[in-house]
Amino acid sequence: MLSLANYDFQAHIHLFKWQEHNLLLDVNSGAIHVLDDASCKFISKLMQVKGDFDVARECLAQEIPALELDEIIAEVSAAIQAGALFTPAEFWTVDLSAMQVKALCLNVAHACNMKCSYCFASQGDFGMDACLMSLETACQALDFLMEKSGAVKNLEVDFFGGEPLLAAPMLKDLVQYGRKLEKQYNKKINFTLTTNALLLNDEIIQFILDEKLGVILSLDGRPETNDRHRVLRDGSGSYDIIVPKIKNMVDKQPVSYYVRGTFSRKNLDFTRDLQHLVELGFKSISLEPAVGPDNGFSIQEEDLPAVLQEYENLTGLLYNYQLSGKPVDFFHYNLDLQKGPCLAKRISGCGAGVEYLVVTPSGDIYPCHQFVGEAGFLMGNVFTGLLDEEIRLNFSGNHLGNKKECRNCWARYFCGGGCHANAYHSNNDISIPSKVSCMMHRKRIEGAIYLEAMQKTEASFL
């Protein structure tokens, strides 16, 4: 049995209550345990007395019958032996700087046909001159990806903006060029398209279906929620125009889709927006918080009590859908709690600046779309093929092993240290996580753990 005398319970065990259920996450193994009240009381006491079983037993002798205590201790010991409880810390030896580029976000349009009030990209132009990416630049970007991806076979390319469908004719030619490169290099490119849906028509939808593009379709929820922020260039709401287009796209069953909404401090009752999206017939949904410095929309620390409570409401709604046999694929709750992502992702998050890069219409390269135009983050250009190694090393070194704020956080393996851009825009430092984002993410993980525990019969009951 593992000696618990020097075990760091705070870093490696997360014990919490969700409604009437006592839940325990063993951080290193990902194992979930549902505890009855007596088992929860014993494990809590065991953690308090630094893992001394005899002392824990003695402390609880007057509260829990001896036979029941014996059974609990036997079950806890068996879980330890099985590697599902009080598992040892992992040691990270991955050299992230040696990783290949495997994903590009192509900002094919620094322009937009909408004027969303909370837009981080300055209504689509990223604070630069409005323009579209040429086919020459886009093809050069794919050439760059082939060269920098090394032995990686499966690659990702996302068409982003602004509104990428403003460049729809070029995208069709680009995908065909990508298909030729796939054969030439024996690789597979998974293309995705993030769109506000205004320009979706039968021709474009057929292109998406034929080429098996994944689609991310922007819609914030209820009409009043959506039209508060997602407005046309003349200031009028977009809901009535885009909902039929999004429905048409989803009904055609693309290879993958998400209807993606943003909630702000103007709609902290965002569970109602999730419910509305489900009522519209959508099953794959993402609701992202507006984050960053206070601009009237982004979630601030004073909003957290309401937001965290609303995540409990949202989790309850998802559970009800689950019970009814109509589960919702909610993006933030898609956590493989038993296996988790690969080691590199577990300790570094999204891979921005290393595995994942963004390319602007001029061919300039940035660590991710949220750094476009930021002084000090220009990494190079696809026409030279050279990357600023100092910036790349800065991002590759920004992982759990080098973040003291994250090393003992129970949620560390589900975020890899958090979003570099959120950290930078909150603290002017990519290595200092955003407190607001961290607290929201931890709450979401607890909700996901609860849903997983309620759904999977293999969850341990101690």
Side-chain angles (χ1 to χ4, degrees), residues 1-18 21-36 38-57 59-60 72-94 335-349 398-418 433 435 437-453 456 458-462:
M1 182 184 296
L2 173 71
S3 172
L4 301 180
N6 298 310
Y7 195 77
D8 190 340
F9 295 99
Q10 181 179 354
H12 305 312
I13 297 294
H14 183 52
L15 181 62
F16 67 102
K17 197 174 188 72
W18 193 283
H21 299 284
N22 303 305
L23 298 165
L24 184 152
L25 170 71
D26 183 81
V27 173
N28 296 306
S29 70
I32 304 166
H33 303 277
V34 182
L35 311 177
D36 60 30
S39 296
C40 182
K41 187 175 293 186
F42 176 80
I43 289 179
S44 296
K45 183 59 66 176
L46 185 64
M47 292 166 64
Q48 290 173 15
V49 299
K50 300 182 179 180
D52 192 315
F53 279 77
D54 292 332
V55 173
R57 170 194 277 278
C59 290
L60 295 174
I72 291 170
I73 291 172
E75 290 174 343
V76 170
S77 300
I80 295 173
Q81 292 289 348
L85 185 60
F86 302 134
T87 53
E90 294 189 62
F91 295 95
W92 311 306
T93 58
V94 175
L335 304 175
D336 189 343
L337 293 162
Q338 298 304 315
K339 295 181 180 178
C342 67
L343 178 60
K345 187 170 179 60
R346 290 183 77 192
I347 71 171
S348 66
N398 190 37
H399 56 71
L400 293 182
N402 293 331
K403 289 185 175 182
K404 62 181 181 180
E405 293 91 347
C406 301
R407 291 174 195 164
N408 294 325
C409 175
W410 64 265
R412 59 189 178 274
Y413 293 134
F414 297 106
C415 71
K435 179 180 179 181
S437 293
C438 288
M439 292 188 70
M440 288 191 289
H441 194 48
R442 284 193 288 262
K443 190 67 175 182
R444 290 192 295 261
I445 295 169
E446 287 184 341
I449 290 171
Y450 166 75
L451 289 180
E452 177 110 345
K456 291 187 176 293
E458 61 264 30
S460 299
F461 288 80
L462 297 179

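Everything numeric in this text was worked out from a predicted model, so none of it was measured.
By the ring-ring contact (aromatic ring centres under 6.0 Å, His included) test, H14 pairs with F16, W410, sequence neighbours left out.
The shortest side-chain heavy-atom distance between T87 and H12 does not fall under the 4.5 Å cut-off. Between I43 and L24, the closest side-chain pair of non-hydrogen atoms falls below 4.5 Å. Side-chain contact check for I13 versus V27: every heavy-atom pair is 4.5 Å or farther apart. When side chains are defined from C-beta on, D36 does not count as touching C40, because their heavy atoms never get closer than 4.5 Å. At least one side-chain heavy atom of L85 sits under 4.5 Å from a side-chain heavy atom of H33. Under the 4.5 Å side-chain criterion, counting only non-hydrogen atoms from C-beta, L4 is in contact with F9. The side-chain heavy atoms of H399 and K403, taken from C-beta on, include no pair separated by under 4.5 Å. In this structure the side chain of N408 never reaches within 4.5 angstrom of the side chain of Q10, judged on heavy atoms.
In this structure, the separation between OH on Y7 and CD1 on I80 is 9.0 Å, given to the nearest 0.5 Å. In this structure, K443 NZ and M439 CE are separated by 9.5 Å, a value rounded to the nearest 0.5 Å. Considering CD of E446 and CG of L25, their distance stands at 9.5 Å, rounded to 0.5 Å. Rounding to the nearest 0.5 angstrom, the gap separating the CD1 atom in I73 from the CZ atom in F42 is 4.0 Å. With rounding to the nearest 0.5 angstrom, the OG atom of S39 is 11.5 Å from the CG atom of L46. For the atom pair OH (Y413) and OG (S29), the distance works out to 10.5 Å, reported to the nearest 0.5 Å.
Under a 3.5 Å cut-off, the side chain of N28 and the backbone N or O of P88 do form a donor-acceptor pair. A donor-acceptor pair is defined here as one N or O able to donate and one able to accept, closer than 3.5 Å; no such pair exists between the side chain of R407 and the backbone of A11.
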For side chain to side chain contact (heavy atoms under 4.5 Å, CB included), just list the numbers for F53 and V76, CA-CA rounded to whole Å, side-chain angles, deciding distance to a tenth of an Å, and then say yes or no. CA-CA 10 Å; F53 279 77; V76 170; 4.0 Å; yes
For ring-ring contact (aromatic ring centres under 6.0 Å, His included), just list the numbers for H441 and F414, CA-CA rounded to whole Å, side-chain angles, deciding distance to a tenth of an Å, and then say yes or no. CA-CA 9 Å; H441 194 48; F414 297 106; 7.8 Å; no
One pair to check against side chain to side chain contact (heavy atoms under 4.5 Å, CB included): R442 and C409. What are the steps and the verdict? CA-CA 9 Å; R442 284 193 288 262; C409 175; 3.6 Å; yes
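Below 30°, between 30° and 60°, or above 60°: for Y450 and H21 the angle between ring planes is between 30° and 60°, a tilted geometry.
Nearest heavy-atom pair, L400 versus G417, reported as atom, atom and distance to 0.1 Å: CD2-N, 3.5 Å. Shown here for A453 and L23, the closest heavy-atom pair between the two residues is CB-CD2, 3.9 Å.
Among residue pairs with one or both ends in residues 46-55, those qualifying as side-chain hydrogen bond (donor to acceptor under 3.5 Å, both in side chains) are K45-Q48; sequence neighbours excluded.
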